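The structure's right below; bear with me while I get my questions together.
If you're wondering where the values come from, they're calculated on a predicted model, not measured in any experiment.
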Amino acid sequence: MAPRSIGRRHATQLETISITVLEEHVPLFEQALACACETVGMFEADDEQKYWRLEGVKDIGHREEDLENALAVARVLTGTDAPLLREATEAEGWLARTYESFPQQDVGKRFAIRGTHLHGAPDRSRLTITLDAGIAFGSGEHGSTRGCLRALERIAYRKPRRILDMGCGSGILAMAAAKILHKPVLAVDIEPWSVRTAEMNAQMNGLSHLLDCRFGNGWLTPSVRRGTYDLVFANILARPLCRMAPSLAKRLAPGGTAILAGLLVTQARMVLAAHRAQGLVLEAMLREGDWATLIVRKRG
């Protein structure tokens, strides 16, 4: 699912679709565009980072019904009527712009997120995760992902053995955990496209032997229900996190840690209350701009 998979013979048949929304609405519209686009880019639309432009490239006419249905759901849930813009696109021009907009992302003290288009040897002082530029948007440079990586650094000394990435997306958090902890990680997502992308990225980073990428419906996924976990990532959205709190608390091992993200600072109190009601305790809250990451633990 990389930008380079768009062959030159298709150049005159491609279009770029884009939509500009508030930062808090990015996850829903990102998922909507991903219904029809193999890659979705995310660009700052203003200096205050309150608005972001989501951009994807697709074959003209490809999965139009799926795209319109997904956009309709996102608009209803967010109350946003932002228009979808379309522009005929040459593959090479879009790819060059994508590469330019994705330099190496250094996160925390330990991690570096690097595009496949970058040349030169990676920094040996950091744990490097390589992603295709088009797939990497919304990952290393987004506040929720950066918060999760910083939280992982903070709790890595506990050496959790059973690890779950719930809603794995590109697999960046699962790969980071595998790199820093050298333990197997179960990565689950409800989107088949995300599961395939995570598998591809794991192979690219030499981590296929540690990542088990599964398609499934959250905590109802059979492979998830069979175990308990010392560490759980849930980088989703605030309201789904609240609904899933009972299942998380049930599957978190005594003394286990959960890293919750995908929520704004203004939503942190609501998400924390839902998890405190299940007996989990707050260990720390990390901020990246308007985004919050919660580290919660189950009493041991």
Side-chain angles (χ1 to χ4, degrees), residues 1 14-46 48-87 89 94 98 101 134-139 141-145 147-148 166-170 172 188-198 215-218 234-244 260-268 270-271 274 288-292:
M1 317 296 190
L14 295 177
E15 65 175 348
T16 296
I17 60 174
S18 62
I19 192 166
T20 300
V21 296
L22 284 168
E23 186 176 37
E24 63 196 84
H25 298 154
V26 163
L28 283 174
F29 283 95
E30 185 179 17
Q31 291 177 16
L33 265 61
C35 288
C37 304
E38 290 188 341
T39 60
V40 179
M42 188 167 68
F43 307 85
E44 295 178 17
D46 62 23
E48 296 181 357
Q49 298 185 8
K50 292 188 179 297
Y51 284 89
W52 290 73
R53 185 178 83 257
L54 301 177
E55 182 178 295
V57 176
K58 60 186 281 293
D59 289 326
I60 293 175
H62 176 61
R63 299 192 68 176
E64 282 296 319
E65 184 177 354
D66 292 340
L67 174 63
E68 291 302 322
N69 290 339
L71 285 172
V73 171
R75 287 176 174 133
V76 169
L77 292 176
T78 62
T80 299
D81 59 357
L84 183 72
L85 305 180
R86 299 175 184 265
E87 181 182 1
T89 302
W94 175 81
T98 299
S101 301
I135 293 174
F137 284 109
S139 299
E141 83 282 7
H142 194 275
S144 61
T145 307
C148 286
M166 177 62 72
C168 63
S170 67
I172 184 172
V188 177
D189 204 286
I190 199 169
E191 293 288 344
W193 180 87
S194 293
V195 177
R196 291 194 299 270
T197 300
F215 167 74
N217 184 14
N235 183 12
I236 311 176
L237 289 170
R239 296 192 183 281
L241 284 173
C242 292
R243 291 195 298 269
M244 297 165 73
L260 312 175
L263 57 137
L264 295 167
V265 172
T266 54
Q267 298 170 320
M270 173 183 70
V271 174
E288 286 277 347
D290 294 332
W291 296 89

- Task: Side-chain contact test, heavy atoms from C-beta onward, threshold under 4.5 Å: evaluate it for Glu64 versus Lys58 and give yes or no.
- Result: yes
- Message: Could you work out, with salt bridge (Lys or Arg N to Asp or Glu O under 4.0 Å) as the rule, every residue matching Glu87, not counting sequence neighbours?
- Response: none
- Message: Looking at every non-hydrogen atom in both residues, tell me the closest pair between Ala70 and Cys35 and how far apart they are.
- Response: CB-SG, 3.7 Å
- Message: Going by the rule side-chain hydrogen bond (donor to acceptor under 3.5 Å, both in side chains), which residues pair with Asn217 if we only count those two or more places apart in sequence or in a different chain?
- Response: none
- Sequence neighbours excluded, the answer for salt bridge (Lys or Arg N to Asp or Glu O under 4.0 Å) partners of Glu288 is Arg146, Arg150
- Task: Return yes if some donor-acceptor pair links the side-chain N/O of Arg53 with the main-chain N/O of Ser18 below 3.5 Å, else return no.
- Result: no
- Under the side-chain hydrogen bond (donor to acceptor under 3.5 Å, both in side chains) test, residues paired with Thr78 that sit two or more places apart: Thr80
- Would you say Glu24 and Gln267 make side-chain contact, with heavy atoms under 4.5 Å? no
- Task: Not counting sequence neighbours, which residues clear side-chain contact (heavy atoms from CB on, under 4.5 Å) with Arg239? List them please.
- Result: Arg243, Met270
- Say you draw a straight line from CD1 of Ile190 to CZ of Phe215; how long is it, rounded to the nearest 0.5 Å? 6.5 Å
- Not counting sequence neighbours, list each pair that qualifies as a salt bridge (charged side-chain N to carboxylate O under 4.0 Å, His left out) and has a residue in residues 74-84. none
- Closest non-hydrogen atoms of Ala198 and Gly169, given as atom of the first, atom of the second and distance, are CB-O, 3.8 Å
- Task: Give a yes or no on whether the backbone of Val195 and the side-chain of Asp189 come within a donor-acceptor separation of less than 3.5 Å.
- Result: no
- Message: With heavy-atom distances below 4.5 Å as the criterion, would you say the side chains of Leu85 and Ile19 are in contact?
- Response: no
- Looking at residues at least two apart in the chain, or sitting in another chain, which of them share a side-chain contact (heavy atoms from CB on, under 4.5 Å) with Leu237? Pro27, Leu28, Pro240
- Message: Could you check whether any side-chain heavy atom of Trp291 comes within less than 4.5 Å of a side-chain heavy atom of Leu264, counting everything from C-beta outward?
- Response: yes
- What pair of heavy atoms forms the shortest contact from Asn235 to Gly262, and how long is it? OD1-N, 3.1 Å
- For residues Leu67 and Leu84, report the shortest heavy-atom separation together with the two atoms involved. CD2-CD2, 4.0 Å
- Task: For Asn69, check side-chain contact (heavy atoms from CB on, under 4.5 Å) against everything at least two apart and list the hits.
- Result: Glu65
- Heavy atoms of Ala238 and Leu263 approach each other most closely as CB-CB, 4.1 Å
- Of all residues at least two apart in sequence or in a different chain, which pass the salt bridge (Lys or Arg N to Asp or Glu O under 4.0 Å) check with Glu191? none
- For Val73, what residues pass the side-chain contact (heavy atoms from CB on, under 4.5 Å) criterion, not counting sequence neighbours? Leu77
- Note on the structure: Of all heavy-atom pairs linking Leu71 and Leu33, the shortest is CD2-CD1, 4.0 Å
